[in-house]
Amino acid sequence: AWDNKPPLLYIVYAIFNGDQFYVRALSLIFGLFSVTAFYFLAKKLFGENKEQSKIAMWSAGIFAFLFAIPFMEGNIANSENFMLLLIIFSGFLILSEKLNPKILLISGLILGIAFLFKIVAIFDFTAFAVFIIISKIDLPKRDLLNLNLLKKIFNLLAPFVLGFAIPILITAFFFIGPQFKYFFQATFLQNVGYVGWGNKLIIPQGYMILKLILLAGFTTYLLIKKDKFSKTLLFIIIWFAFSLFNTFFSQRPYTHYLLVLLPSFSLLVGLFLFEKKYKPQLAVFFIISLIFICLGFKFSGKTLSYYQNFASFIIGSKSVREYREFFDRRTPIDYEIATYIKSKTSTEDEIFIWGNNAQIYKMTDKLPPGRYAVTYHIT
């Protein structure tokens, strides 16, 4: 099967034969470890004494609460659910006091695996790379592009980049042959069209260019003024800026996109409690970011009604058809089609569906005849 994502999420679903209970149970395990890893990351950033541990606990509490409730769709086993643990653990390693090439290699490797769940992990990789440069290299006030500086940056980041590339190269090697172009198109090139759809502003990718300019300007400012800020502030602010860009990358209002912002957002709340010097500036930065998030995302009002629908079905006040119609008016039709196909075919028969309801293949225990399961991919 081919889609506009790397293959790791599909492998996870394939291992459990697409069973939602088991996939979500695995997501729960990843979530529990994510909360644990996040707490230790927060402690590393804010410190170990009693007062600092309270700040770490507050941040971890906010992270756990927002991740657990259905508000951000953390209850759905999407790529983001599995990526978070890997990204947080990579960030924890980046903050090691003895940041040597081996640690950088492992940290990059972990992010490379996260990338194989969804390509937006590249933004966490870039954020951490920027932080490594800022924290480990004395940058000149002028001439940021001189050859000696570029060599230093290359030598410093080489293990990190190599680690990140290894899982991707192994995956690409698996597809070597006539099918490689399909893998490359599905994983990388299709995302250009997908992202471009919502990013048009006067010209194709106009919004994307504007967002990149803002991000580059903000990063440059931090590079120039880095001596004024603590290591903790720089790490959180850089990560938050890149994560904010990440959530608006495709310019689509899918709520689960906010999950990749959740770790740095929770740390930003902790930073407001931790940082005494820049509290007013952080408050303004936080409020502006929150306004952008609220304007950019359509938070579903359906969450409570999911449980109401379930309760109505259990007590018998809704029929099976009415229960299914709640999710989508076409859902009962899919069930009827699947029932019809199963009654008219044997286990050896194959089917081909010209439509975007690939779930019928699953409901009839059939596989699509080609590598694409839905019409819009074939088109």
Side-chain angles (χ1 to χ4, degrees), residues 1-35 64-86 113-114 116-118 120 186 252-260 262 299-316 318-342 347 351 353 355-368 372-374 376-377:
W2 300 82
D3 201 348
N4 55 339
K5 289 183 186 72
L8 209 48
L9 183 67
Y10 305 107
I11 291 170
V12 168
Y13 269 79
I15 289 167
F16 296 101
N17 197 30
D19 191 298
Q20 282 290 307
F21 177 83
Y22 292 111
V23 176
R24 291 190 186 204
L26 182 67
S27 175
L28 171 62
I29 293 165
F30 268 72
L32 291 169
F33 278 109
S34 296
V35 172
F65 177 73
L66 290 175
F67 195 12
I69 61 173
F71 182 66
M72 287 188 182
E73 298 179 349
N75 57 317
I76 301 171
N78 279 312
S79 298
E80 288 80 0
N81 297 60
F82 300 104
M83 290 165 63
L84 280 184
L85 173 61
L86 300 166
I113 297 169
L116 291 177
F117 275 105
K118 202 168 183 180
V120 292
R252 290 169 189 247
Y254 300 139
T255 315
H256 62 270
Y257 286 1
L258 288 169
L259 288 176
V260 292
L262 191 53
F299 296 98
S300 174
K302 229 176 176 182
T303 303
L304 184 62
S305 52
Y306 276 111
Y307 299 99
Q308 291 170 340
N309 181 55
F310 175 71
S312 298
F313 177 60
I314 290 297
I315 62 173
K318 271 191 176 184
S319 66
V320 172
R321 187 180 182 88
E322 288 170 332
Y323 170 76
R324 289 171 176 169
E325 277 179 339
F326 166 83
F327 299 99
D328 191 300
R329 62 183 176 79
R330 292 166 296 189
T331 301
I333 299 169
D334 287 337
Y335 276 92
E336 287 176 19
I337 292 168
T339 302
Y340 178 82
I341 290 170
K342 288 181 86 169
T347 52
I351 63 169
I353 299 162
N356 293 325
N357 40 356
Q359 57 271 19
I360 292 173
Y361 287 117
K362 173 66 180 171
M363 293 159 73
T364 55
D365 294 317
K366 307 286 186 185
L367 287 172
Y372 296 110
V374 290
Y376 74 90
H377 279 151

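Residues Leu9 and Ser79 share a closest heavy-atom pair of CD2-OG, 3.3 Å. Residues Val23 and Ala77 share a closest heavy-atom pair of CG1-CB, 3.5 Å. Here the shortest heavy-atom pairing between Ala358 and Val374 reads CB-CG1, 3.6 Å.
At least one side-chain heavy atom of Val120 sits less than 4.5 Å from a side-chain heavy atom of Met83. Considering only heavy atoms from C-beta on, Pro70 stays 4.5 Å or farther from Tyr306 through its side chain. Counting only heavy atoms from C-beta outward, the side chains of Lys118 and Tyr257 approach each other to under 4.5 Å.
Salt bridge Glu336/Arg321: present, at least one basic N to carboxylate O contact under 4.0 Å.
Judged as a side-chain contact (heavy atoms from CB on, under 4.5 Å), and not counting sequence neighbours, the contacts of Thr364 are Ala338, Ile341, Lys342, Ile351, Ile360, Lys366. Checked against side chain to side chain donor-acceptor pair (under 3.5 Å), Gln20 has the following partners two or more places apart in sequence or in another chain: Arg24. Among residues two or more places apart in sequence or in another chain, the side-chain contact (heavy atoms from CB on, under 4.5 Å) test is passed with Ile113 by Leu8, Leu86, Pro167.
In the model, Gln359 has a side-chain atom that pairs as donor or acceptor with a side-chain atom of Asp334 under 3.5 Å.
When Phe326, Phe327, Tyr323 are each tested for a ring pair (Phe, Tyr, Trp, His ring centres under 6.0 Å) with Phe313, only one passes: Tyr323.
No close placement of the Phe21 and Phe16 rings is indicated, their centers lying 6.0 Å or farther apart.
Put simply, the side chain of Asn81 never gets that close to the backbone of Asn75: no donor and acceptor are under 3.5 Å apart. With hydrogens and angles ignored, the 3.5 Å screen pairs a side-chain donor or acceptor of Thr339 with a backbone N or O of Tyr335. With Tyr361 contributing its side chain and Ile353 its backbone, the two residues share a donor-acceptor pair below 3.5 Å. The backbone N or O of Asp19 sits nowhere less than 3.5 Å from a side-chain atom of Asn17 that would complete a donor-acceptor pair.
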